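Okay, structure first, notes after.
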Amino acid sequence: MKKISYILRLYRKMGRIDRGFLPNLAALVILDSLHPLNGVYFLYYIVRSLETGLNLRAVSLGLCLMGGIELLYYLAMKKLRSVNRVKSMNIRNQLAMELQQKTIRLPFQELENPETTLAQKKALEIFYPTQAEYMDFLNVLNCVQVMLFSVLQLLVLSVLLFCIHWTLVLPLLLLGTVSLWLYTIAGDKKFRVWDKELVAIGRKLSYFQELATNFSYAKEVRLYAMGGWIVSKMKGLTSSYIKGIRKSVLHFSLVGILSSLLLVLGTGISFLRLGQLTWLGVIHAADFVSCVNVVRTFEASMVRAVEAYMTIGQAMSYLQAYRQYMDFPESPRVPRTGQRLLPPGERAQGEIRFEHVSFRYPGAEDYTLKDVSFCIKPGEKVALVGENGSGKTTIIKLLLRLYRPEEGKIYWNGLDISTLALSDYRKAVTAVFQDFKILEDTARNNLCFSEQQPEERIWEVLEETGMREKVQSLPLGLDSYLGKTMYEGGQELSGGEKQKLAIARVLLRDAGMVVMDEPTAMLSPRVEYEIYTHFSQLVKGRSAIYISHRMSSCRFCDWIMVLSGGVIREKGTHEELMALDGEYCGMYTAQAKFYEEIG
Ligand code: ADP
């Protein structure tokens, strides 16, 4: 019942996306379900004409009408089917696009929630099947259509048989139902093996296929001679896959044979009864001929209906995952209305204050940040240092409102950031990460995205980040395409050049605070040094947080914050912290010694 109501809701939605879809589908289903009546009626008519004396005119008329109706049916179905296909594709694309839009709108932390990612994977499978072609959305729609017209056809044919003689329909219905019940049980079991075991193996296999074929792994694969390891993993997985398939297919074929036997038995009994009734003269030859046709169509419709029903049933968990995914709240705990807007002046300059902020990742037992408090005044440049895993990036994620603190509050110019309109706030605080992404688009779009900037300003920032000459040397300058996947002749930049472009991108925005989360890791120490000696000039009057493992780069900041185990251990200028002779001093001295030794 739940499944039917879900399908109904889905079809209502599809009807809203394309108004012509449901009427077209109704016409298709009705025409398809009534189609067998043409043959049945005219066969009856022709044989009856022959039975009651050879009436050649009536026979030829019957044949012509039957052929004419068949032709009309064929033409109408061709048209309706092609319209249905185009409309279904349009709806599929629309729903798939809504899925992508939903992912973009989801809060960042939802994307790390296993429940969300599982629902997303399953929902994607229905639109872009990787494991089973039959799970494809268009095929599922086709199955719904097949099931509808087959069920309607079964109803019409049952009434017809019942009217001729009620005993004809009984064995078909009884044995047919048992046979289909068996078939669905076997099919469900086969699906469970597929869903629980084979899909997981399939995913792992895809991963190894990706390892073997994706260019970005090619260096590691060759360097560490990973070929043998990949092949042995794939062999193991393939043999488990085959075992799984054998298990499911064997069970399915045994029960499937029994199920088919029952259906054949039902059909056979109906045929015998038909013969008997004709022999006894209860029905005449014309009824006999039509009934043979009806019984055969009945059997075929039953098989078709159940196969379609099974596919729909199996695809259901994927369709429901789509719905579940689309229903995930987009901004939990944040009311959409009543959010304060930040005027441009408030975005361009600001003070950031963390007050007793503690945070735990969803599902984690331990706190990643514990009672963190600090204040960065407008225009101040602060370095955030600490060992890996000390919580630096987590501070930035909270600052960027990718997560919310479990305890404590963060303020921008004295305003609780959770009360500010997110789109405004993201214009006030911006960041460049170590794993930044350069898009396959023009250099200009990579720098500006949707916010167009004056040409001189772009060149000025490119100059400051040392990218002016490189961009000038590209065939179309700022309008040259980057990357080779989307555009033929696209330009490839080196890792360091991409990094500089990412830094330029963040500097172009008129944000009051810029965060640099190790964006210089790919740059040579000399280039990094150059960038950071000009750091104040680069970020101009904005506040900045800078994360780096190279302690020498932190010296250029106004003050430094040392994080360890999610707690702020030290705060102060380079000189103050060196004088303190604590963690910072230890890290700085160790690095200085290292550089002296290797230098
Ligand atoms: P840092 O930037 O200082 O290297 P992070 O802030 O990235 O440290 O991580 C701090 C701690 O939080 C680490 O122990 C890490 O394992 C944990 N952590 C980071 N991201 C997540 C996450 N998405 N889910 C659970 N734990 C996480």
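A quick note: this is a predicted structure, and the numbers were derived from the prediction, not measured. Counting convention: from 1, in listed order, for ligands and their atoms alike. Numbers here simply count residues along the sequence, with the first being 1.
The backbone N or O of Ser564 lies less than 3.5 Å from a partner atom in the side chain of Arg569, making a donor-acceptor pair. The main-chain N or O of Glu455 is never found under 3.5 Å from a side-chain atom of Glu460 such that the two would form a donor-acceptor pair.
The existence of a salt bridge linking Arg444 and Asp479 is confirmed by a sub-4.0 Å separation between a basic side-chain nitrogen and an acidic carboxylate oxygen.
Counting only non-hydrogen atoms, the option in Tyr361, Tyr367, Phe108 that gets closest to atom 24 (N) of ligand 1 is Tyr361.
Here's the thing with Asn388: none of its N/O atoms is less than 3.5 angstrom from an N/O atom of ligand 1.
Note that atom 15 (C) of ligand 1 has no protein non-hydrogen atoms nearby, at separations under 4.0 angstrom. Less than 4.0 angstrom separates atom 20 (N) of ligand 1 from at least one non-hydrogen atom of the protein.
Taking the side chain as every heavy atom from C-beta outward, Val372 and Val567 never approach each other to under 4.5 Å. For the pair Glu492/Glu497, no side-chain contact is recorded, criterion being any heavy-atom separation below 4.5 Å from C-beta on. You'll find the side chain of Met578 reaches within 4.5 Å of the side chain of Tyr584, heavy atoms only. Side-chain atoms of Thr465 and Leu501, non-hydrogen and from C-beta on, never get closer than 4.5 Å to each other.
Which parts of ligand 1 touch Glu387 is read off a 4.0 Å heavy-atom cut-off, strictly below it: atoms 3 (O).
Not a single heavy atom of Ala364 sits less than 4.0 Å from an atom of ligand 1. Gly386 does not count as a contact of ligand 1, since none of its heavy atoms falls under 4.0 Å from the ligand.
Contacts between Thr393 and ligand 1 below 4.0 angstrom, taking non-hydrogen atoms only, involve backbone and side chain alike.
Among protein heavy atoms, atom 1 (P) of ligand 1 sits closest to Gly389 N, 3.5 Å. Nearest protein heavy-atom contact of atom 11 (C) of ligand 1 is Thr368 CG2, 3.6 Å. Remark: minimum distance from atom 9 (O) of ligand 1 to any protein heavy atom is reached at Thr394 OG1, 3.8 Å.
Side-chain contact annotation: Glu406 with Tyr367, donor-acceptor N/O pair under 3.5 Å present.
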